[in-house]
Number of protein chains: 2
Amino acid sequence: MPRQSDKRQRLIEAGKEVIYRQGYSRTTLANIAETAGVPLGNVYYHFKTKELLARAVIQSRMDDLRRRVELSDANPDPGERLVEFIMFSLDRSKQVAAHGCPYGSLAQELDKAEKETPLGRSAAELLQIQLDWMTEQFHAMGRESDAEQLAADLLARLQGYCLLANSLDDPAVMEHGFHRVAAWIRSQSPR
Amino acid sequence: MPRQSDKRQRLIEAGKEVIYRQGYSRTTLANIAETAGVPLGNVYYHFKTKELLARAVIQSRMDDLRRRVELSDANPDPGERLVEFIMFSLDRSKQVAAHGCPYGSLAQELDKAEKETPLGRSAAELLQIQLDWMTEQFHAMGRESDAEQLAADLLARLQGYCLLANSLDDPAVMEHGFHRVAAWIRSQSPR
DNA sequence: GTCTATAATACGATAGAC
DNA sequence: GTCTATCGTATTATAGAC
């Protein structure tokens with residue numbers, strides 16, 4: 001019997017799923033509670049407000065992202081670290097075509113009109129983390145002077161393919177795009 | 001005295017503005033009515049439901065897009081048509097940093113959980129129109145075999161820079177990115 | 001065509017029993 | 001810690017006077 005029950009974690013997992021599929025604004029606490037198998041009134045014991053639950057959801061997404069980055073960091077070659085990171089995402093192409101990028105779509109919605117609240121700022125970190133890590137890899141590839149530019153180009157393309165795949169409802173747009181990006185990375189030698 | 005008053009058009013303009021800044025879900029008909037200077041109850045004379053008003057807003061965005069494309073079509077060189085289209089958008093970099101791309105952010109939000117309704121489908125057209133036109137230009141540049149790929153790469157980058165500029169709250173990300181895209185287009189000669 | 005008043009409902013949040 | 005019942009409010013939408 002856990003000191004604190006697993007309901008809190010179940011609510012976070014349910015929140016990730018439902019908010020990813022419907023967006024934050026359209027998601028009600030009743031949706032999340034039902035998905036988690038928790039009565040509505042009990043949600044408020046674990047999270048005092050909807051925003052605090054969303055904060056925990058974003059935090060969990062950030063943890064996922066950091067774990068994914070750490071996996072790729074095991075690779076000795078910085079270019080191949082980037083390629084590996086990209087290739088991991090391809091497993092999710094069908095979900096991305098159906099619901100968008102779990103990081104990018106959240107950042108876009110919450111940055112909109114919530115830019116002042118901690119919620120919008122912390123959603124933006126989902127992209128910032130990726131950008132920083134990508135910049136590091138280009139640095140390690142010997143591109144000191146333009147690493148930031150290259151990282152912006154890389155992340156912009158990835159996010160753009162996800163948006164297109166979602167709008168066109170076609171996973172192949174993402175798959176083909178990501179493969180072209182991987183080839184582009186491998187063509188980037190030290191300047 | 002117009003046969004049909006200008007209130008309908010004022011509501012559409014107000015809807016474009018408010019939905020762009022807040023997103024569709026967070027926008028209430030009261031918000032739009034107030035911005036348009038129209039009493040709430042009167043909105044329903046012009047648009048029977050919120051969704052029908054949104055449809056008119058999307059239609060108006062499509063008209064804007066088509067007018068922008070027609071402007072660039074006056075240019076005799078297809079590559080320069082693309083560059084011109086991109087450069088036009090740079091006027092809006094501050095707004096994009098504040099609220100995202102007016103087409104892309106709408107398409108993303110409405111494709112989410114509304115994919116079955118006409119609303120989601122018609123928002124997706126905001127990107128499809130651009131993609132089709134870009135494909136035509138690459139065709140005209142002599143890139144018959146890979147015009148669609150190039151158009152996807154181009155639009156993905158543009159949308160990606162807008163998303164990044166919005167998240168990082170930095171218009172320069174979009175400005176620099178768009179200039180690099182323009183240089184890339186000019187480097188695309190017939191294959 | 002325009003506007004006020006209000007109905008109907010959905011949702012975030014709370015009270016309080018267990 | 002858990003759950004039921006419910007409050008207060010915001011929002012879509014309608015009724016009906018002008």
Side-chain angles (χ1 to χ4, degrees), chain A residues 1-58 106 109-110 112-114 116-120 123, chain B residues 1-58 106 109-110 112-114 116-120 123:
Chain A
M1 190 77 92
R3 198 167 53 96
Q4 181 160 287
S5 94
D6 64 337
K7 282 195 168 64
R8 184 189 160 89
Q9 196 52 41
R10 291 223 311 276
L11 284 167
I12 293 175
E13 290 304 319
K16 284 168 74 171
E17 178 65 19
V18 181
I19 290 174
Y20 174 48
R21 291 201 317 247
Q22 305 188 338
Y24 174 70
S25 294
R26 297 179 54 87
T27 296
T28 68
L29 288 169
N31 293 152
I32 296 174
E34 187 184 22
T35 303
V38 169
L40 175 58
N42 197 4
V43 172
Y44 289 91
Y45 175 76
H46 299 283
F47 301 96
K48 269 186 24 173
T49 66
K50 184 185 179 186
E51 179 173 326
L52 283 170
L53 173 48
R55 294 259 285 273
V57 163
I58 293 169
L106 197 54
E109 182 184 0
L110 295 182
K112 205 151 197 154
E114 307 245 16
E116 310 310 322
T117 80
L119 202 54
Chain B
M1 189 77 95
R3 199 169 51 94
Q4 182 162 284
S5 95
D6 64 337
K7 282 195 167 64
R8 184 188 161 90
Q9 197 52 41
R10 291 223 311 275
L11 284 167
I12 293 174
E13 290 305 318
K16 283 168 74 170
E17 178 64 20
V18 181
I19 290 174
Y20 174 48
R21 291 202 316 248
Q22 305 187 338
Y24 174 70
S25 293
R26 297 180 53 87
T27 295
T28 69
L29 288 169
N31 293 152
I32 295 173
E34 187 184 19
T35 302
V38 170
L40 175 57
N42 198 4
V43 173
Y44 289 90
Y45 174 76
H46 299 283
F47 301 97
K48 267 176 45 159
T49 65
K50 183 184 179 186
E51 179 174 327
L52 283 171
L53 174 47
R55 295 258 285 274
V57 163
I58 293 168
L106 198 53
E109 181 183 0
L110 294 181
K112 204 151 197 156
E114 306 246 17
E116 310 310 322
T117 81
L119 202 55

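All chains are named by letter (A, B, ...) in the order of the sequence lines, taking the proteins before the strands, and each is independently numbered beginning at 1.
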Does C/dT2 have OP1 or OP2 sitting under 4.0 Å from an N or O in the side chain of B/His46? yes
Side chains of A/Glu17 and A/Thr35 only: does a donor on one sit below 3.5 Å from an acceptor on the other? no
For [Y], is there any backbone N or O sitting under 3.5 Å from a side-chain donor or acceptor partner on [X]?
| X | Y | value |
| --- | --- | --- |
| A/Glu109 | B/Glu109 | no |
| A/Asn31 | A/Thr28 | yes |
| B/Lys7 | B/Gly37 | no |
| B/Glu13 | B/Ala36 | no |

Nearest 0.5 Å please: distance from the CD1 atom of A/Ile58 over to the NZ atom of A/Lys16. 12.0 Å
Measure the spacing between OH of A/Tyr20 and NZ of B/Lys112 and express it to the nearest 0.5 Å. 6.5 Å
When the C1' atoms of the five terminal pairs at each end define the local axes, what inter-axis angle does the helix from C/dG1-D/dC18 to C/dC18-D/dG1 show, to 10 degrees? 10°
I would like to know whether B/Thr117 and B/Glu51 meet side-chain hydrogen bond (donor to acceptor under 3.5 Å, both in side chains); could you show each step before the answer? CA-CA 10 Å; B/Thr117 81; B/Glu51 179 174 327; 4.5 Å; no
Quick tally for nucleotides 3-18 of chain D: nucleotides whose base has a protein heavy atom under 4.0 Å get B, sugar-phosphate-only ones S, the rest -, giving BB------SBBB----
Which whole-number value in Å describes the distance from A/Leu53 CG to C/dC11 P? 15 Å
